[in-house]
Amino acid sequence: MVNRTLIVNRVHKVLILFTCIYLVSNGAYTQVVMAEHKLSGTQTNQPDLIPRSVIFSDETNRDVRLSSDGHYILYTHTDGSSQSTMLKDYLTHEAVNLSALGNFSKPFLSNHASVLFLENSESNKLFRYDIKNDVCHSITLNVRYDKGGFYGQSPLDDENVLAFLKQGDVYNFYKINILTGHSEFVEQVKYSKYIFDENLNFTAAEGRNQNGGVSYYIKKNDNWVEFLAHPWDEGLLLGRSLNSLISFDVVKKLIYFTSHFESDKVQLYAYDAHRSAPELQHEDTRYDVTDRAAFIGKNGALRAIKNLYAQTTWTVFDHTIKQDFEFLRNNLHENFEVLDSSIDDDIWLVKVMKGAPADYYIYYRPIGRFKKILCEKPTLSAFSFAKRKTFQFTTEDGMRFPVQAYFPKSATIGNENKPYPTVVYVHGGPWVANFWDSWSTNRHLQLLADRGYLVLVPDFRGSLGYGKKVVEASAKQWGKDMHRDIRDAVNWGIAVNYIDPERLTIFGWSYGGYEALFALSNMENPVFRCAIAQFGPSDLYGFLQSELGKQPLWKYGLGDIEKEEEQLKAVSPYYLAHTYQSPVLVSHGQLDALVPIAQTNRFVKKLREKNKEVDYISFFNEGHDYVHAENHESFWALAEQFLQKHLGGRAQPIGSELKNKNIRSLIQADS
C-alpha cells in the first residue's frame with residue numbers, strides 16, 4: 001500500500017526546496033552579515049525617537065516551535081489582554097488561530113501532523129487538530145483529569161505522548177494514544193524534571209533531596225535510585241544554582257547533566273548506569289556551563305551547548321553540524337539559538353538575539369540559506385535599535401567580569417570612543433545576571449540608548465554564571481565589594497573614553513535599586529549626578545526583620561541582624577540619607593511582597609525632610625516589577641524628563657501618561 005503521508009511530505013519538501021531556490025535568486029532570502037564590534041553608519045540628523053507606547057506595547061510573539069515535518073510554526077501571539085495560539089505555514093503565510101477552538105491548555109505539536117490540547121477544566125477529552133485537513137477531533141480518554149499538559153513524544157512514535165494529569169491533589173503521568181484515547185498510567189509525579197527514552201520510558205529524574213539540595217536519580221528495575229546528590233548551599237540560590245538534567249542519548253545510553261559538585265564552575269557530565277561514576281564532558285574556566293540553550297537531537301543526543309559570557313559562544317559536539325553553526329554565527333549573529341529541528345534535520349528554527357526584540361528564522365540546511373519568518377515584537381519591526389558590544393573589566397582585587405555597552409544610535413563606525421552621557425544599569429538579584437538576553441530588560445536599555453545615552457551593563461560578584469567563588473565573594477558585601485565592582489566598571493568606561501564623568505547616572509531594579517540608592521550616599525569619585533531606583537530596599541536592617549528576610553539565604557547574603565546591626569545600618573541608604581548630594585528618582589509597587597513599599601515611603605519622606613531632591617512614583621496595581629504597559633510608560637515619561645534635566649539627553653514630551661489611573665502617588669522635586 002502506498003504511504004500517502006510520506007508522498008505528501010516529499011512533495012512538500014520539494015516545494016520548499018524550489019521555493020528556497022526561487023527566493024534566493026530573487027533576493028528574498030538574505031544573508032545579513034552583522035559586523036561584530038561595529039556600529040551603525042553615520043547619521044547626519046538626529047533620528048526620530050521610538051515612542052514609549054511602541055517600546056512597551058503588549059504585542060508579542062513567543063513560545064515559537066517547529067512542526068516535526070518542518071512545514072509549520074506554532075506560537076503564542078499576545079496583544080493587550082488578548083492571547084492566541086497561532087499555527088502558521090511560513091511559506092504561504094497562511095495562519096490559523098487555534099484559540100478559537102476552545103479554552104485549552106498549552107498546545108503541543110505532535111509528530112502526527114497535529115496539535116494537541118487538553119481542557120482547562122474537569123474533562124476526559126483530548127483534542128487533536130489535524131493540520132493537513134483543518135479538522136479538530138474530540139477524543140474520549142479512559143481517565144478523567146482536572147487539568148494537565150503534555151510532557152513529550154518519541155520521534156519513533158507518532159501515536160503516543162506522555163502527559164501529566166492533575167487528578168485530585170496529585171499529578172500523574174500517563175501514556176496516551178492520541179488516535180484512540182487509550183491512557184496508561186505510568187507513575188505519580190514526585191520530581192521536578194524527568195527525561196525518557198525512545199519508548200517513553202523514564203530513565204532519569206531530578207528533584208530536591210532531604211538535605212534541601214538537588215539530587216539526580218536513575219530508573220532501575222522500576223525503582224528510582226539516587227546517583228548524585230548536591231548538598232544544600234545557601235550561596236548558590238537556594239542550593240540549585242545551574243545544576244540540571246539535560247537529556248538521555250538513546251544511542252550511547254548516556255544521561256547528560258550539569259553539576260558543580262566537585263568544582264568551582266558548573267561542568268557538563270555524562271553518566272552511564274553501567275559505570276561507577278559520571279564522566280566530565282566539558283568545562284570552561286570563565287563561566288558555568290548551563291543547560292538553558294542546549295541543542296538536543298531527536299534521539300536525545302547532546303549536539304551543542306551554549307556558553308554565556310555576556311555574549312554567546314557554542315561548544316558543538318556533533319561534527320556534522322559544526323559548519324552550520326559557523327555559518328549561522330557569521331551570517332546571522334553570534335547570539336543565536338537553535339530552538340527546534342525537523343525530524344529529518346533538514347530544517348531548523350533559529351532565534352536571534354541582539355539586545356533588541358528577537359527575530360526567528362527558518363534555516364534550510366541542504367542549500368545553506370535562511371529566511372526571517374517572525375519577530376518577537378511586530379510593532380517594533382519598523383524601528384532601528386542601538387548596537388551592543390561586549391567588553392571586560394577587572395576589579396580592584398583582580399576579578400574579571402563582562403560588561404555590555406549599548407551605544408547611542410548617533411554613534412558612528414570607527415568614532416565610538418568619545419565620551420557619552422552614560423547610564424550604568426545594575427541588574428537585580430544580585431544573582432539574576434543579564435545573560436538571558438530578555439526583551440523584558442533590554443527594552444529599558446534600548447529606550448535609554450534611543451534617547452542618546454550610553455548604557456553600561458556590568459556583571460559583578462554575586463552574579464550567577466561565574467562559579468561558586470564569585471557568589472561566595474558577595475556574602476555580606478552589599479555596599480562594600482559589590483559596590484566597588486560597579487565603581488571599577490565605571491572607572492574602566494572612563495579610562496577608555498566612553499563615559500563622560502560629568503554626565504553619569506546609575507539605574508537599577510531590586511538589588512540594582514539598592515545599589516543605585518547606596519551609590520548616591522557614597523560620594524567618592526566617580527560621582528553619579530543622579531540615580532533611578534526601582535523596588536530597591538533602602539533599609540537592610542529593616543528588610544531582615546521581615547518574614548522573607550528571615551530566610552537563610554538573606555542571612556548568608558546580607559548579615560545577622562542580632563550580631564551585625566551596626567554594619568547593616570552602615571550600608572543602608574535610609575541611614576545615609578543626610579549624605580545625599582545628587583537627586584534621585586524612586587519607583588515602587590504598592591503590592592510588592594519582597595521589598596515592602598512602606599520602607600520606600602519612609603525613605604522618601606526622610607529625604608524630603610532633609611531637603612534632598614527626590615522624585616517618587618508608585619502604582620497601586622504592581623508588585624516587585626511592573627507588568628502593565630501603561631505603568632512602564634508613566635514611569636519613563638517621568639524618568640526621561642528627570643534624566644534630560646540632569647544629564648542633557650533627549651526626551652519624548654510627557655503626554656497623558658501621568659494621568660494614569662494606576663498611579664498611587666506622584667511626588668516631584670519641584671512640587
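This one's a predicted model, so the numbers in the text were calculated from it and none came from an experiment. Quick note: numbers below take in every heavy atom, side chains included, and nothing from hydrogens, waters or symmetry partners.
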* **Ring geometry between Phe227 and Tyr216 (parallel below 30°, tilted from 30 to 60°, perpendicular above 60°)** => tilted
* pair Asn660-Asn631: side-chain heavy atoms closer than 4.5 Å -> yes
* Are side-chain heavy atoms of Asp359 and Leu374 found at a separation under 4.5 Å? -> no
* **Ionic contact status for Lys219 with Asp197, cut-off 4.0 Å** => no
* Asked: Taking Ser247 for the side chain and Tyr256 for the main chain, is one N or O donor matched with an acceptor at less than 3.5 Å?
  -> no
* Asked: Does Arg365 come within less than 4.0 Å of Asp345, counting only side-chain N to carboxylate O?
  -> yes
* Structure fact -> Hits for salt bridge (charged side-chain N to carboxylate O under 4.0 Å, His left out) against Lys253, two or more places apart or cross-chain, chain-then-number order -> Glu198
* Asked: Using 30° and 60° as the class limits, which term best fits the ring planes of Phe295 and Trp348: parallel, tilted or perpendicular?
  -> perpendicular
* Please report the shortest heavy-atom distance between Asn442 and Gly355, naming the atom on each side. => CB-O, 3.3 Å
* Structure fact -> Lys298 meets the side-chain contact (heavy atoms from CB on, under 4.5 Å) criterion, sequence neighbours left out, with Pro155, Asp340, Ser341
* To do: Could you give me the CA-CA distance, side-chain angles and deciding distance for Leu116 and Gln153, then say whether side chain to side chain contact (heavy atoms under 4.5 Å, CB included) is met?
  => CA-CA 12 Å; Leu116 307 179; Gln153 186 174 26; 5.9 Å; no
* To do: Show your working on side chain to side chain contact (heavy atoms under 4.5 Å, CB included) between Asn307 and Trp314 and close with a plain yes or no.
  => CA-CA 6 Å; Asn307 308 311; Trp314 284 91; 5.5 Å; no
* Check whether more than 12 heavy atoms from other residues, nucleotides or ligands sit under 6.0 Å from atom CD of Glu326, and answer yes or no. => yes
* Asked: What residues form a side-chain contact (heavy atoms from CB on, under 4.5 Å) with Lys220, not counting sequence neighbours?
  -> Ile218, Val225, Ala273
* Can you tell me how far the CD atom of Glu94 sits from the NZ atom of Lys88, to the nearest 0.5 Å? -> 11.0 Å
* Partners passing side-chain contact (heavy atoms from CB on, under 4.5 Å) against Glu122 (at least two apart in sequence or in another chain) -> Arg144, Asp146
* To do: Ignoring hydrogens and angles, tell me if any N or O in the side chain of Thr315 forms a donor-acceptor pair with the backbone of Ile305 under 3.5 Å.
  => no
* May I ask you to check whether Tyr174 and Phe164 place their ring centres under 6.0 Å from each other? => no
* Asked: Does Ser215 have any side-chain contact (heavy atoms from CB on, under 4.5 Å) partners at least two apart in sequence or in another chain, and if so, which?
  -> Asn209, Tyr217, Glu226, Ala229
* Asked: Does the separation of the ring centres of Phe150 and Phe108 fall below 6.0 angstrom?
  -> yes
* Taking C-beta and beyond as the side chain, do Ile362 and Ile347 meet within less than 4.5 Å on heavy atoms? -> yes
* Could you tell me whether the side chain of Leu228 reaches within less than 4.5 Å of the side chain of His230, counting heavy atoms only? => yes
* Asked: With a 4.5 Å limit on heavy-atom distance, are the side chains of Phe385 and Leu380 in contact?
  -> yes
* To do: Using a 4.5 Å cut-off on heavy atoms from C-beta on, say whether the side chain of Phe336 contacts that of Phe325.
  => yes
* Identify the heavy atoms of Leu165 and Tyr145 that sit nearest to each other, and give their distance. => CB-CB, 3.8 Å
* Is it the case that Asp288 and Thr290 place a side-chain donor and acceptor less than 3.5 Å from each other? -> no
* State plainly whether the residues Lys377 and Glu59 are in salt-bridge range, i.e. N to O under 4.0 Å. => no
* Asked: Counting N and O atoms only, with roles assigned by atom type, does the side chain of Asn299 sit under 3.5 Å from a partner on the main chain of Val250, one being a donor and the other an acceptor?
  -> no
* To do: Give me the ring orientation class for Tyr194 and Trp224: parallel if the planes are under 30° apart, tilted from 30 to 60°, perpendicular past 60°.
  => perpendicular
* To do: Measure the spacing between CG of Asn201 and CG of Asp222 and express it to the nearest 0.5 Å.
  => 9.0 Å
* Structure fact -> Shortest non-hydrogen pair, Glu159 vs Asp157, comes out as N-OD1, 2.9 Å
* Asked: If we ignore angles and hydrogens, is there a donor and acceptor under 3.5 Å between the side chains of His444 and Trp636?
  -> yes
* To do: Kindly assign one of parallel, tilted or perpendicular to the pair Tyr151 and Phe173, based on the angle between their ring planes and the thresholds 30° and 60°.
  => perpendicular
* To do: May I ask you to test the Arg303-Ile321 pair for a side-chain heavy-atom distance under 4.5 Å?
  => yes
* Donor + acceptor pair across side chains of Arg62, His77 (<3.5 Å) -> no
* **Proximity of Phe117 and Phe104 rings by center, below 6.0 Å** => yes
* Asked: Does the distance from a Lys or Arg side-chain N to an Asp or Glu carboxylate O, for Glu119 and Lys125, drop under 4.0 Å?
  -> no
* For the pair Lys371 (side chain) and Tyr361 (backbone), establish whether a donor and an acceptor sit closer than 3.5 Å, ignoring hydrogens and angles. => no
* May I ask you to check whether Asn621 and Gln590 show a side-chain donor-acceptor distance below 3.5 Å? => no
* Hey, does the side chain of Asn172 reach the backbone of Val189 with a donor-acceptor pair shorter than 3.5 angstrom? -> no
* At what distance, to the nearest 0.5 angstrom, does CG of Asp89 lie from NE2 of His71? -> 8.5 Å
* What heavy-atom pair brings Gly152 and Phe196 nearest, and what distance separates the two atoms? -> CA-CZ, 3.8 Å
* For the pair Thr441 (side chain) and Ser438 (backbone), establish whether a donor and an acceptor sit closer than 3.5 Å, ignoring hydrogens and angles. => no
Which atom pairs, donor and acceptor, lie under 3.5 Å between side-chain atoms of residues 96-103 and protein residues at least two apart or in another chain?
| from | atom 1 | to | atom 2 | distance (Å) |
| --- | --- | --- | --- | --- |
| Asn97 | OD1 | Ser99 | N | 3.0 |
| Ser99 | OG | Thr85 | N | 2.7 |
| Asn103 | OD1 | Asn120 | ND2 | 3.2 |

* Asked: Hey, is the main chain of Ile178 close enough, under 3.5 Å, to the side chain of Arg128 for a donor-acceptor pair?
  -> yes
* **Exercise: identify the closest heavy-atom pair between Cys375 and Asn61** => O-ND2, 3.0 Å
* **side-chain hydrogen bond (donor to acceptor under 3.5 Å, both in side chains) evaluation trace for Ser244 with Lys193** => CA-CA 9 Å; Ser244 182; Lys193 187 174 184 178; 3.3 Å; yes
* Asked: Parallel, tilted or perpendicular: which describes the rings of Phe619 and Tyr626, with under 30° parallel and over 60° perpendicular?
  -> perpendicular
* **Glu630, His632, Glu657, Glu633 screened by side chain to side chain donor-acceptor pair (under 3.5 Å) with Arg52, the one that passes** => Glu657
* Might you work through the side chain to side chain contact (heavy atoms under 4.5 Å, CB included) test for Asp130 and His112, ending with a clear yes or no? => CA-CA 8 Å; Asp130 186 329; His112 199 273; over 6 Å; no
* After noting the C-alpha distance and the side-chain angles of Tyr72 and Tyr90, does the key distance pass the side chain to side chain contact (heavy atoms under 4.5 Å, CB included) rule? -> CA-CA 6 Å; Tyr72 303 89; Tyr90 58 83; 5.9 Å; no
* Close side-chain approach of Leu162 and Phe202, heavy atoms under 4.5 Å -> yes
* Run the ring pair (Phe, Tyr, Trp, His ring centres under 6.0 Å) check on Tyr363 and Phe327 step by step: do they pass? -> CA-CA 10 Å; Tyr363 170 52; Phe327 175 80; 5.7 Å; yes
